[in-house]
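Following: one structure in C-alpha cells, then a few remarks.
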Amino acid sequence: MPLNRFNQLVGPTVENDQPGQLPNFTTLAGQYGQVEHIDVTRHLDDISRYYTDFSHLADWTYLFEEPYQTKAEVQSLLTNYEQSTNPYHLAITNDAGQVVGTFALLNINPDWRTVEMGRVIYFPELRHSRLATEAQYLVMKFVFEELHYRRYEWKCDSLNQRSRKAASRLGFCYEGTFKNAVIYKGRSRDTAWFSITPEQWPILKRRFENWLNPANFDANGRQIKALREY
C-alpha cells in the first residue's frame, strides 16, 4: 500500500475515478435464453402465475414479501419495477420467451461504481438449469464490461443456505456477516456479504464460458464438469 505525505498507509490510486452509468438495456441475449428489463405488457402473465402461487411458500421465506393475492397486485408491482432505475428489475426468459425467473440490480452507486445482485426468484423450471447460470453470467458480464463497475455484491440472510451456496458457486467471495443488520417479517436477520471485483472477473468469465459450452453437457443434458472444475 502507498504512503501519503504524512507517512500513513492509504489505498491505491483509482486511475479512473469518474462516476459510472446506471444500467439501461432491454435484453442481454445468451445461448439458452435472455435477461430482459421488466416489461409489464410482455411479462405480467408469466410472473403473476408464480408470484400468486401459494404452493411454493417456502421459496418466500428469505424474501421481504410474501406471495401476492391477485394478478392486479402483481401488475401494480411490475409497473413500479418497470419505471424504477435503482433498483433495476429484470426478468429471465427461456428460448420460448417465457419468464422463468426474476432478479434485480440493487443499491446501484454510480459514484463508487458498486452494485448488488438481489431479489433472486427462480421459478421451479429454472432451478439447476443452464439458463439459471447463464443469466447470472450475462448480468455479471454487463456489470464489469459495459458499466465498468468496481464491486459486485451478493447479500443474503446468513441462514439462507441455498443463497449462500449459489453465491459461492458463482464465484462470489464471502466477506463476513453483519449481525442484527435487518428486521423483516418480525425476525432479526444477520446478513452475509459476498463480492466479486474486476480482478476476479477474467478467471470467472472463462469458467462460465467453459461450463456453458454445449460440449460440457451429455445427451441427457447433464453437466460433464462442474463450474468449480474449470
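Because the structure is a prediction, the values reported are computed rather than measured. Sequence positions, counted from 1, serve as the residue numbers for this chain. Worth knowing before you read on, the calculation uses all heavy atoms, side chains too, and leaves out hydrogens, waters and symmetry mates.
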Determine whether [X] and [Y] fall in the same hydrophobic cluster, where Ile, Leu, Val, Met, Phe, Trp and Tyr are linked whenever their side-chain heavy atoms lie under 4.5 Å apart.
{"X": "Ile38", "Y": "Met117", "answer": "no"}
{"X": "Leu227", "Y": "Leu126", "answer": "yes"}
{"X": "Leu147", "Y": "Leu22", "answer": "yes"}
{"X": "Trp193", "Y": "Leu159", "answer": "no"}
{"X": "Leu170", "Y": "Leu106", "answer": "no"}

Within a strict 4.5 Å, meaning less than it, do heavy atoms of the [X] and [Y] side chains meet?
{"X": "Cys156", "Y": "Arg164", "value": "yes"}
{"X": "Tyr32", "Y": "Ser129", "value": "no"}
{"X": "Thr79", "Y": "Ser76", "value": "no"}
{"X": "Lys141", "Y": "Leu138", "value": "no"}
{"X": "Ser163", "Y": "Lys155", "value": "no"}
{"X": "Leu57", "Y": "Pro67", "value": "yes"}
{"X": "Gln8", "Y": "Leu3", "value": "no"}
{"X": "Ile108", "Y": "Pro23", "value": "yes"}

Residues in side-chain hydrogen bond (donor to acceptor under 3.5 Å, both in side chains) contact with Arg187, at least two apart in sequence or another chain: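 For Arg187, the residues satisfying side-chain hydrogen bond (donor to acceptor under 3.5 Å, both in side chains) (neighbours in sequence not counted) are Tyr184.
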Could you tell me which residues satisfy side-chain hydrogen bond (donor to acceptor under 3.5 Å, both in side chains) with Arg127, sequence neighbours excluded, listed by chain and number?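 Checked Arg127 against side-chain hydrogen bond (donor to acceptor under 3.5 Å, both in side chains); matches are Tyr50, Asp59.
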Do you know which two heavy atoms are closest between His56 and Pro124, and how far apart they sit?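 Looking at all heavy atoms of both residues, the closest pair is CE1-CG, 3.6 Å.
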May I ask you to check whether [X] and [Y] show a side-chain donor-acceptor distance below 3.5 Å?
{"X": "Thr133", "Y": "Gln136", "value": "no"}
{"X": "Glu175", "Y": "Ser195", "value": "yes"}
{"X": "Tyr122", "Y": "Glu125", "value": "no"}

Are [X] and [Y] in a cation-pi setup, meaning NZ or CZ lies under 6.0 angstrom from the ring centre and within 45 degrees of the ring axis?
{"X": "Arg206", "Y": "Tyr230", "value": "no"}
{"X": "Arg222", "Y": "Phe217", "value": "no"}
{"X": "Arg169", "Y": "Trp211", "value": "yes"}

By salt bridge (charged side-chain N to carboxylate O under 4.0 Å, His left out) - contacts of [X] (at least two apart):
{"X": "Glu145", "answer": "Lys205"}
{"X": "Arg49", "answer": "Asp46"}
{"X": "Glu209", "answer": "none"}

Of all pairs that satisfy side chain to side chain donor-acceptor pair (under 3.5 Å), the ones with a partner from residues 15-31, not counting sequence neighbours: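 Passing the test, one end in residues 15-31: no pairs.
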Residue pairs fulfilling side chain to side chain donor-acceptor pair (under 3.5 Å) with at least one residue in residues 104-113, sequence neighbours excluded: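 Found Asn107-Glu116.
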Salt-bridge present ([X], [Y]; N to O < 4.0 Å):
{"X": "Asp190", "Y": "Lys179", "value": "yes"}
{"X": "Arg42", "Y": "Glu36", "value": "yes"}
{"X": "Glu66", "Y": "Lys185", "value": "yes"}
{"X": "Asp45", "Y": "Lys71", "value": "yes"}

Flag, side chain of [X] to backbone of [Y], donor-acceptor distance under 3.5 Å:
{"X": "Gln200", "Y": "Thr197", "result": "yes"}
{"X": "Ser168", "Y": "Lys165", "result": "no"}
{"X": "Gln83", "Y": "Asn80", "result": "no"}
{"X": "Asp95", "Y": "Gly33", "result": "no"}
{"X": "Trp154", "Y": "Phe172", "result": "no"}

From [X] [atom1] over to [Y] [atom2], what is the distance, rounded to the nearest 0.5 angstrom?
{"X": "Leu78", "Y": "Ser84", "atom1": "CG", "atom2": "OG", "result": "12.0 Å"}
{"X": "Asn213", "Y": "Lys225", "atom1": "CG", "atom2": "NZ", "result": "11.5 Å"}
{"X": "Leu28", "Y": "Phe142", "atom1": "CG", "atom2": "CZ", "result": "6.5 Å"}
{"X": "His43", "Y": "Gln98", "atom1": "NE2", "atom2": "CD", "result": "11.5 Å"}
{"X": "Asp39", "Y": "Leu90", "atom1": "CG", "atom2": "CG", "result": "12.5 Å"}
{"X": "Phe64", "Y": "Ile183", "atom1": "CZ", "atom2": "CD1", "result": "11.0 Å"}

Once ring pair (Phe, Tyr, Trp, His ring centres under 6.0 Å) is applied, do any residues pair with [X], and if so which ones, sequence neighbours excluded?
{"X": "Phe208", "result": "Tyr137"}
{"X": "Tyr51", "result": "Trp60"}
{"X": "Phe54", "result": "none"}
{"X": "His148", "result": "none"}

Could you walk me through whether Val115 and Tyr152 satisfy the side chain to side chain contact (heavy atoms under 4.5 Å, CB included) test, starting with their C-alpha distance in whole Å, then the side-chain angles of each, then the deciding distance to 0.1 Å, before giving a yes or no? CA-CA 5 Å; Val115 64; Tyr152 191 44; 3.6 Å; yes
Looking at Ile203, I want to see if its CD1 is surrounded by more than 12 non-hydrogen atoms of other residues, nucleotides or ligands under 6.0 Å.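 At most 12 heavy atoms, drawn from other residues, nucleotides or ligands, come within 6.0 Å of this atom.
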Candidates Ile121, Ile92, Val120 - the one meeting side chain to side chain contact (heavy atoms under 4.5 Å, CB included) with Thr102: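 That would be Ile121.
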Quick one, Val40 with Gln75, criterion side chain to side chain contact (heavy atoms under 4.5 Å, CB included). Give me CA distance, side-chain angles, the key distance, then yes/no. CA-CA 7 Å; Val40 179; Gln75 183 172 10; 4.1 Å; yes
Would you list the pairs meeting ring-ring contact (aromatic ring centres under 6.0 Å, His included) in which at least one residue belongs to residues 73-96, sequence neighbours left out?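 Found Phe25-Tyr88, His37-Tyr88, Tyr81-His89.
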Between Thr191 and Thr177, does the side chain to side chain contact (heavy atoms under 4.5 Å, CB included) criterion hold? Intermediate values first, please. CA-CA 5 Å; Thr191 298; Thr177 296; 6.0 Å; no
Side chain to side chain contact (heavy atoms under 4.5 Å, CB included), that's the test. Do Val74 and Leu44 meet it? Break it down for me. CA-CA 7 Å; Val74 178; Leu44 174 60; 4.0 Å; yes
